[in-house]
Amino acid sequence: MIAVCGIASETPIARVTAALDDLGLPYTVLHQRHFLELPFELEATGTGVRGRLTADGGTVDCAEVTGIYARLMDWRRLPETRHPDEDVLQRCRAWHEALSSWIEVAPGRVMNRAAASASNASKPHQAQLIRRTGFLVPETLVTNDPELVHDFGERHGELVYKSISCQRSVVHALDREATARLPLIRSCPVQFQQRVRGTNIRVHTVGDEVFATRITTDRVDYRYAHHDGGRAELSPWQPPDDLAHRCLRLADALGLDLAGIDLMLTDDGDVYCFEVNPSPAFTYFESHTGQPIARAIALALR
(Lines give C-alpha, C1' and ligand atoms only; values in the text may rest on other atoms or scores of the structure.)
Protein backbone atom coordinates (compact mmCIF):
# COMPACT_ATOMS: atom_id res chain seq x y z
CA MET A 1 0.00 0.00 0.00
CA ILE A 2 1.23 3.46 -0.94
CA ALA A 3 0.15 6.62 0.89
CA VAL A 4 -0.17 9.92 -0.97
CA CYS A 5 -0.38 12.91 1.36
CA GLY A 6 -1.47 16.39 0.37
CA ILE A 7 -4.19 18.14 -1.63
CA ALA A 8 -5.64 15.63 -4.08
CA SER A 9 -6.32 18.18 -6.82
CA GLU A 10 -2.81 19.67 -6.78
CA THR A 11 -1.14 18.78 -10.07
CA PRO A 12 1.87 16.76 -8.81
CA ILE A 13 -0.40 14.79 -6.48
CA ALA A 14 -2.91 14.19 -9.27
CA ARG A 15 -0.15 13.05 -11.68
CA VAL A 16 1.22 10.56 -9.15
CA THR A 17 -2.18 9.09 -8.34
CA ALA A 18 -2.95 8.82 -12.07
CA ALA A 19 0.33 6.93 -12.55
CA LEU A 20 -0.56 4.63 -9.65
CA ASP A 21 -3.93 3.96 -11.29
CA ASP A 22 -2.26 3.18 -14.63
CA LEU A 23 0.13 0.76 -12.96
CA GLY A 24 -2.60 -0.88 -10.91
CA LEU A 25 -0.74 -0.22 -7.66
CA PRO A 26 -2.78 0.03 -4.44
CA TYR A 27 -2.74 3.42 -2.75
CA THR A 28 -4.68 5.65 -0.43
CA VAL A 29 -4.89 9.43 -0.41
CA LEU A 30 -4.65 11.33 2.86
CA HIS A 31 -6.32 14.55 1.73
CA GLN A 32 -5.38 17.41 4.03
CA ARG A 33 -8.67 19.21 3.62
CA HIS A 34 -10.60 16.11 4.68
CA PHE A 35 -9.00 15.79 8.12
CA LEU A 36 -12.38 15.75 9.84
CA GLU A 37 -13.39 12.68 7.83
CA LEU A 38 -10.09 10.79 8.08
CA PRO A 39 -9.29 9.69 11.65
CA PHE A 40 -5.62 9.00 12.22
CA GLU A 41 -4.37 7.03 15.21
CA LEU A 42 -0.68 6.92 16.09
CA GLU A 43 0.99 5.27 19.06
CA ALA A 44 4.68 5.37 19.94
CA THR A 45 6.01 2.36 21.84
CA GLY A 46 9.39 1.24 23.06
CA THR A 47 9.87 -0.80 19.88
CA GLY A 48 8.53 1.62 17.30
CA VAL A 49 5.40 3.36 16.08
CA ARG A 50 2.13 1.80 15.10
CA GLY A 51 -1.13 3.25 13.94
CA ARG A 52 -4.16 3.07 11.70
CA LEU A 53 -5.48 5.55 9.20
CA THR A 54 -8.86 5.89 7.57
CA ALA A 55 -9.13 6.78 3.90
CA ASP A 56 -11.27 5.97 0.90
CA GLY A 57 -13.90 4.41 3.13
CA GLY A 58 -11.53 1.85 4.63
CA THR A 59 -8.92 1.43 7.33
CA VAL A 60 -5.25 0.89 6.65
CA ASP A 61 -2.63 -0.38 9.07
CA CYS A 62 0.38 1.93 8.91
CA ALA A 63 2.61 -1.14 8.91
CA GLU A 64 1.19 -2.09 5.50
CA VAL A 65 2.36 1.15 3.87
CA THR A 66 5.47 0.55 1.75
CA GLY A 67 6.00 4.09 0.47
CA ILE A 68 4.81 7.65 1.04
CA TYR A 69 4.61 10.58 -1.36
CA ALA A 70 4.23 13.68 0.79
CA ARG A 71 3.52 17.12 -0.61
CA LEU A 72 1.92 18.89 2.31
CA MET A 73 0.94 22.52 2.50
CA ASP A 74 1.03 24.40 5.80
CA TRP A 75 -2.19 23.35 7.55
CA ARG A 76 -2.60 26.88 8.90
CA ARG A 77 -3.27 28.04 5.34
CA LEU A 78 -6.11 25.59 4.72
CA PRO A 79 -9.52 27.22 4.17
CA GLU A 80 -10.90 25.02 6.94
CA THR A 81 -8.73 26.77 9.52
CA ARG A 82 -10.77 29.93 9.04
CA HIS A 83 -13.54 28.08 10.86
CA PRO A 84 -14.51 29.92 14.07
CA ASP A 85 -14.89 26.65 15.99
CA GLU A 86 -11.80 26.13 18.15
CA ASP A 87 -12.49 22.39 18.20
CA VAL A 88 -12.04 22.24 14.41
CA LEU A 89 -8.70 24.01 14.68
CA GLN A 90 -7.53 21.66 17.41
CA ARG A 91 -8.54 18.60 15.41
CA CYS A 92 -6.81 19.96 12.31
CA ARG A 93 -3.61 20.61 14.26
CA ALA A 94 -3.67 17.19 15.94
CA TRP A 95 -4.33 15.38 12.64
CA HIS A 96 -1.45 17.07 10.89
CA GLU A 97 0.91 16.58 13.84
CA ALA A 98 0.12 12.85 13.87
CA LEU A 99 0.51 12.59 10.08
CA SER A 100 3.79 14.52 10.05
CA SER A 101 5.20 12.46 12.92
CA TRP A 102 4.35 9.23 11.12
CA ILE A 103 5.96 10.42 7.87
CA GLU A 104 9.20 11.11 9.75
CA VAL A 105 9.50 7.64 11.26
CA ALA A 106 7.68 5.42 8.77
CA PRO A 107 9.78 2.59 7.32
CA GLY A 108 10.13 2.27 3.58
CA ARG A 109 10.67 4.99 1.00
CA VAL A 110 9.36 8.47 1.75
CA MET A 111 9.41 11.34 -0.74
CA ASN A 112 10.39 13.30 1.32
CA ARG A 113 10.71 13.50 5.07
CA ALA A 114 10.72 16.98 6.61
CA ALA A 115 14.09 16.36 8.26
CA ALA A 116 15.68 15.68 4.86
CA SER A 117 13.95 18.70 3.33
CA ALA A 118 15.19 21.09 6.00
CA SER A 119 18.35 22.11 4.13
CA ASN A 120 16.22 24.03 1.65
CA ALA A 121 15.00 26.33 4.43
CA SER A 122 18.32 28.18 4.22
CA LYS A 123 19.78 28.66 0.76
CA PRO A 124 23.26 29.65 2.06
CA HIS A 125 23.40 26.58 4.30
CA GLN A 126 22.30 24.29 1.48
CA ALA A 127 24.90 25.83 -0.83
CA GLN A 128 27.63 24.67 1.57
CA LEU A 129 26.26 21.13 1.46
CA ILE A 130 26.10 21.27 -2.33
CA ARG A 131 29.72 22.39 -2.56
CA ARG A 132 30.83 19.38 -0.50
CA THR A 133 29.58 17.02 -3.22
CA GLY A 134 31.82 18.60 -5.86
CA PHE A 135 29.53 21.08 -7.57
CA LEU A 136 30.54 24.67 -8.14
CA VAL A 137 28.39 27.27 -6.35
CA PRO A 138 28.18 30.94 -7.40
CA GLU A 139 30.01 33.43 -5.24
CA THR A 140 27.41 34.59 -2.72
CA LEU A 141 26.83 37.50 -0.38
CA VAL A 142 24.02 37.74 2.17
CA THR A 143 23.80 41.23 3.63
CA ASN A 144 21.70 44.25 4.55
CA ASP A 145 24.57 46.65 3.83
CA PRO A 146 24.31 48.37 0.40
CA GLU A 147 28.01 49.29 0.41
CA LEU A 148 29.00 45.64 0.69
CA VAL A 149 26.83 44.89 -2.33
CA HIS A 150 28.62 47.57 -4.35
CA ASP A 151 32.00 46.12 -3.33
CA PHE A 152 30.82 42.61 -4.15
CA GLY A 153 29.69 43.74 -7.60
CA GLU A 154 33.03 45.39 -8.31
CA ARG A 155 34.77 42.09 -7.61
CA HIS A 156 32.40 39.74 -9.40
CA GLY A 157 30.71 41.75 -12.14
CA GLU A 158 27.07 41.00 -12.95
CA LEU A 159 24.93 40.05 -9.96
CA VAL A 160 21.53 38.50 -9.36
CA TYR A 161 19.47 38.57 -6.18
CA LYS A 162 17.03 36.07 -4.68
CA SER A 163 15.42 34.99 -1.42
CA ILE A 164 17.40 33.35 1.36
CA SER A 165 14.64 31.06 2.64
CA CYS A 166 12.68 28.22 1.07
CA GLN A 167 9.98 30.67 -0.04
CA ARG A 168 9.80 30.74 -3.81
CA SER A 169 10.91 34.00 -5.36
CA VAL A 170 11.76 35.36 -8.79
CA VAL A 171 15.49 35.63 -9.50
CA HIS A 172 16.31 39.11 -10.84
CA ALA A 173 19.41 40.74 -12.25
CA LEU A 174 20.77 43.57 -10.14
CA ASP A 175 20.28 46.17 -12.85
CA ARG A 176 20.37 49.96 -12.54
CA GLU A 177 16.79 50.17 -11.30
CA ALA A 178 17.34 47.52 -8.63
CA THR A 179 20.63 49.11 -7.59
CA ALA A 180 18.79 52.36 -6.91
CA ARG A 181 16.61 50.45 -4.41
CA LEU A 182 19.54 48.95 -2.50
CA PRO A 183 19.02 51.18 0.58
CA LEU A 184 15.82 49.17 1.21
CA ILE A 185 17.81 46.06 2.10
CA ARG A 186 18.75 47.68 5.43
CA SER A 187 15.37 46.44 6.64
CA CYS A 188 15.87 42.87 5.41
CA PRO A 189 18.98 40.90 4.38
CA VAL A 190 19.03 39.74 0.76
CA GLN A 191 21.09 37.10 -1.03
CA PHE A 192 23.23 38.33 -3.92
CA GLN A 193 25.17 36.05 -6.25
CA GLN A 194 27.61 36.35 -9.09
CA ARG A 195 25.62 35.86 -12.29
CA VAL A 196 26.65 32.67 -14.05
CA ARG A 197 25.81 32.49 -17.74
CA GLY A 198 25.25 29.31 -19.69
CA THR A 199 22.52 26.73 -20.22
CA ASN A 200 19.96 25.98 -17.52
CA ILE A 201 19.51 22.32 -16.68
CA ARG A 202 16.87 20.93 -14.32
CA VAL A 203 17.58 17.43 -13.05
CA HIS A 204 14.99 15.35 -11.23
CA THR A 205 16.30 12.39 -9.29
CA VAL A 206 13.75 9.71 -8.40
CA GLY A 207 15.37 6.97 -6.36
CA ASP A 208 18.26 5.92 -8.59
CA GLU A 209 16.76 7.36 -11.80
CA VAL A 210 17.70 10.67 -13.40
CA PHE A 211 15.53 12.86 -15.65
CA ALA A 212 17.23 15.96 -17.05
CA THR A 213 15.69 18.90 -18.89
CA ARG A 214 17.57 21.49 -20.93
CA ILE A 215 16.07 24.99 -20.87
CA THR A 216 16.78 27.63 -23.50
CA THR A 217 15.65 31.06 -22.32
CA ASP A 218 16.26 34.78 -22.74
CA ARG A 219 15.47 35.61 -19.12
CA VAL A 220 17.36 35.32 -15.84
CA ASP A 221 14.63 33.15 -14.30
CA TYR A 222 13.17 30.87 -16.97
CA ARG A 223 10.26 29.89 -14.71
CA TYR A 224 8.74 33.34 -15.20
CA ALA A 225 9.94 34.07 -18.72
CA HIS A 226 6.46 34.10 -20.23
CA HIS A 227 5.22 36.60 -17.65
CA ASP A 228 7.05 39.46 -19.36
CA GLY A 229 7.11 38.32 -22.96
CA GLY A 230 10.24 36.17 -22.76
CA ARG A 231 10.74 32.61 -23.91
CA ALA A 232 11.63 29.34 -22.25
CA GLU A 233 11.98 26.22 -24.37
CA LEU A 234 12.28 22.89 -22.56
CA SER A 235 13.62 19.65 -24.03
CA PRO A 236 14.76 16.33 -22.57
CA TRP A 237 18.52 16.09 -22.17
CA GLN A 238 20.82 13.15 -21.52
CA PRO A 239 23.47 14.16 -18.98
CA PRO A 240 26.94 12.61 -19.08
CA ASP A 241 27.22 9.61 -16.77
CA ASP A 242 29.54 11.39 -14.35
CA LEU A 243 27.11 14.31 -13.99
CA ALA A 244 24.13 11.99 -13.52
CA HIS A 245 25.99 10.09 -10.81
CA ARG A 246 27.00 13.34 -9.13
CA CYS A 247 23.35 14.42 -9.01
CA LEU A 248 22.38 11.10 -7.43
CA ARG A 249 25.16 11.49 -4.86
CA LEU A 250 23.95 14.99 -4.05
CA ALA A 251 20.35 13.85 -3.51
CA ASP A 252 21.59 10.95 -1.39
CA ALA A 253 23.82 13.25 0.69
CA LEU A 254 20.77 15.40 1.45
CA GLY A 255 18.65 12.33 2.25
CA LEU A 256 16.23 13.00 -0.61
CA ASP A 257 14.58 10.17 -2.56
CA LEU A 258 13.02 12.80 -4.82
CA ALA A 259 14.83 16.01 -5.74
CA GLY A 260 14.77 18.83 -8.25
CA ILE A 261 18.33 20.03 -8.87
CA ASP A 262 18.97 23.34 -10.63
CA LEU A 263 22.19 23.46 -12.63
CA MET A 264 23.94 25.81 -15.04
CA LEU A 265 26.34 24.49 -17.68
CA THR A 266 28.80 27.17 -18.73
CA ASP A 267 30.37 27.42 -22.17
CA ASP A 268 33.68 26.41 -20.55
CA GLY A 269 32.19 23.12 -19.38
CA ASP A 270 31.83 24.02 -15.71
CA VAL A 271 28.76 22.86 -13.81
CA TYR A 272 27.24 25.15 -11.17
CA CYS A 273 24.47 24.05 -8.83
CA PHE A 274 22.09 26.75 -7.60
CA GLU A 275 19.86 24.76 -5.26
CA VAL A 276 18.05 21.49 -4.59
CA ASN A 277 14.26 21.50 -4.28
CA PRO A 278 13.00 18.73 -1.96
CA SER A 279 9.40 19.05 -3.16
CA PRO A 280 9.72 19.78 -6.87
CA ALA A 281 6.73 20.72 -9.01
CA PHE A 282 7.95 18.22 -11.60
CA THR A 283 4.80 18.40 -13.71
CA TYR A 284 5.96 21.60 -15.45
CA PHE A 285 8.95 19.72 -16.82
CA GLU A 286 7.07 16.47 -17.43
CA SER A 287 4.37 18.19 -19.48
CA HIS A 288 6.94 19.94 -21.70
CA THR A 289 9.25 16.97 -22.26
CA GLY A 290 7.14 13.84 -21.90
CA GLN A 291 9.55 12.38 -19.36
CA PRO A 292 7.71 9.82 -17.16
CA ILE A 293 8.62 11.36 -13.80
CA ALA A 294 5.28 10.64 -12.10
CA ARG A 295 5.46 7.02 -13.23
CA ALA A 296 8.99 6.73 -11.82
CA ILE A 297 7.74 8.12 -8.48
CA ALA A 298 4.90 5.60 -8.40
CA LEU A 299 7.20 2.69 -9.18
CA ALA A 300 9.78 3.78 -6.62
CA LEU A 301 7.16 3.76 -3.85
CA ARG A 302 6.13 0.10 -4.35
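Predicted model only: the values in this text are computed from it and were never measured.
A 4.5 Å side-chain heavy-atom check between Ile201 and Met264 finds every atom pair outside the cut-off. At least one side-chain heavy atom of Val4 sits less than 4.5 Å from a side-chain heavy atom of Ile13. Counting only heavy atoms from C-beta outward, the side chains of Phe135 and Leu243 approach each other to under 4.5 Å. Looking at heavy atoms from C-beta onward, Thr143 lies in side-chain contact with Val149 at the 4.5 angstrom threshold. Residues Gln126 and Val276 have side chains in contact (heavy-atom distance under 4.5 Å, counting atoms from C-beta outward). You'll find the side chain of Leu182 reaches within 4.5 Å of the side chain of His150, heavy atoms only. Residues Tyr161 and Leu159 are not in side-chain contact: their nearest non-hydrogen atoms beyond the backbone lie 4.5 Å or more apart. Annotation: side chain of Arg214 is in contact with side chain of Thr199 (closest heavy-atom distance under 4.5 Å).
Side-chain atoms of Arg93 and Gln90 form a donor-acceptor pair, as typed in the model, at a separation below 3.5 Å. Using a 3.5 Å distance cut-off with no hydrogens or angles, the side chains of Gln291 and Thr213 do pair a donor with an acceptor. The closest side-chain donor-acceptor pair between Arg15 and Thr283, if any, does not fall under 3.5 angstrom.
For residues 94-105, the set of pairs meeting the side chain to side chain donor-acceptor pair (under 3.5 Å) definition, not counting sequence neighbours, comprises Gln32-His96.
In this structure a side-chain-to-backbone donor-acceptor pair under 3.5 Å is missing from Arg249 to Thr133. A distance-only check finds a donor-acceptor pair linking the side chain of Asp74 to the backbone of Arg76 [under 3.5 Å]. A donor-acceptor pair under 3.5 Å is absent between the side-chain atoms of His34 and the main chain of Leu30, judged by distance alone. In terms of modelled atom types and a separation under 3.5 Å, the side chain of Ser165 and the main chain of Ala121 share no donor-acceptor contact. Although no hydrogens or angles enter the test, the distance criterion places no donor-acceptor pair under 3.5 Å between the side chain of Arg295 and the main chain of Pro292. Without hydrogens or angle criteria, His156 side chain to Phe152 main chain gives no donor-acceptor distance under 3.5 Å. Between the side chain of Glu286 and the main chain of Ala294, a donor-acceptor pair closer than 3.5 Å is present. Glu43 places no side-chain N or O within donor-acceptor distance of the main-chain N or O of Gly51, the cut-off being under 3.5 Å. Looking only at distances, a side-chain donor or acceptor of Asn112 sits under 3.5 Å from a matching main-chain atom of Pro278. Looking at Thr66, its side chain does come within 3.5 Å of a backbone N or O of Leu301 through a donor-acceptor pair.
Residues Glu209 and Leu248 share a closest heavy-atom pair of O-CD2, 4.0 Å. A pairwise comparison of heavy atoms in Leu89 and Trp75 identifies O-CZ3, 4.3 Å as the closest pair. Taking all atoms of both residues into account, the shortest heavy-atom contact from Ala298 to Leu25 is O-CD1, 3.7 Å. Scanning all heavy atoms of the two residues, the minimum distance from Gln191 to Ser163 falls at NE2-O, 2.9 Å. When all heavy atoms are compared, the tightest approach of Leu99 to Cys5 is CD1-SG, 4.1 Å. Residues Asp218 and Gly230 approach most closely at OD1-CA, 3.5 Å, considering heavy atoms.
Salt bridge Arg231/Glu233: present, at least one basic N to carboxylate O contact under 4.0 Å. Looking at Arg202 and Asp262, a side-chain N of the basic residue comes within less than 4.0 Å of a carboxylate O on the acidic one, giving a salt bridge. Taking 4.0 Å as the cut-off between side-chain N and carboxylate O, Asp221 and Arg223 count as a salt-bridged pair.
Linking Ile, Leu, Val, Met, Phe, Trp and Tyr residues whenever their side-chain heavy atoms come within less than 4.5 Å places Phe211 and Leu299 in a single cluster. Residues Val142 and Phe274 do not share a hydrophobic cluster, clusters being chains of Ile/Leu/Val/Met/Phe/Trp/Tyr side chains in contact below 4.5 Å. Grouping the Ile, Leu, Val, Met, Phe, Trp and Tyr side chains by contacts below 4.5 angstrom, directly or via other members, places Met111 with Ile293. Criterion: ILVMFWY side-chain heavy atoms under 4.5 Å apart, direct or through other members. Under it, Val210 and Ile261 are part of a common hydrophobic cluster. Leu38 and Val29 end up in different hydrophobic clusters when Ile, Leu, Val, Met, Phe, Trp and Tyr side chains are linked at under 4.5 Å.
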Run the numbers on Leu250 and Cys273 for side-chain contact (heavy atoms from CB on, under 4.5 Å), then give the verdict.
CA-CA 10 Å; Leu250 173 57; Cys273 181; 4.0 Å; yes
Could you please spell out the steps behind the side-chain contact (heavy atoms from CB on, under 4.5 Å) verdict for His31 and Ile7?
CA-CA 5 Å; His31 195 315; Ile7 306 296; 4.0 Å; yes
Start with the C-alpha gap between Glu41 and Arg50, add the side-chain angles, then the distance that decides, and say whether salt bridge (charged side-chain N to carboxylate O under 4.0 Å, His left out) holds.
CA-CA 8 Å; Glu41 301 173 6; Arg50 60 173 178 261; over 6 Å; no
For Ile185 and Phe192, run side-chain contact (heavy atoms from CB on, under 4.5 Å): C-alpha distance rounded to whole Å, both residues' side-chain angles, the deciding distance at 0.1 Å, then the answer.
CA-CA 11 Å; Ile185 71 171; Phe192 299 89; 4.2 Å; yes
Assess whether side-chain contact (heavy atoms from CB on, under 4.5 Å) is satisfied between Thr28 and Met1, documenting all intermediate values.
CA-CA 7 Å; Thr28 188; Met1 177 66 71; 4.3 Å; yes
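Expressed to the nearest 0.5 Å, how far CE of Met73 lies from CZ of Arg33 amounts to 8.5 Å. Atom CD of Glu275 and atom CD1 of Ile130 lie 7.5 Å apart (nearest 0.5 Å). Asp252 contributes atom CG, which lies 12.5 Å from atom SG of Cys247 (distance to the nearest 0.5 angstrom). Here the CG atom belonging to Leu72 is positioned 8.5 Å from the OG atom belonging to Ser279, to the nearest 0.5 angstrom. Here CZ of Phe285 is found 5.5 Å from CD1 of Ile215. Values are rounded to the nearest 0.5 Å. In this structure, OG in Ser119 is found 4.5 Å from CG in Leu254, a value given to the nearest 0.5 Å.
Counting non-hydrogen atoms of neighbouring residues, nucleotides and ligands closer than 6.0 angstrom, the CG atom of Asp87 exceeds 12 such neighbours. Arg155 CZ: more than 12 foreign heavy atoms inside a 6.0 Å radius. Within 6.0 Å of the CD atom in Glu177, the count of heavy atoms belonging to other residues, nucleotides or ligands does not exceed 12.
Taking the ring centre of Phe40 as origin, the terminal cationic atom of Arg52 falls outside the region bounded by 6.0 Å and 45° from the ring axis.
Shown are Lys162, Glu158, Glu139; of these, the side chain to side chain donor-acceptor pair (under 3.5 Å) with Gln193 is made only by Lys162.
His227 and Tyr224 have perpendicular rings, their planes meeting at more than 60° on a 0 to 90° scale where under 30° would count as parallel.
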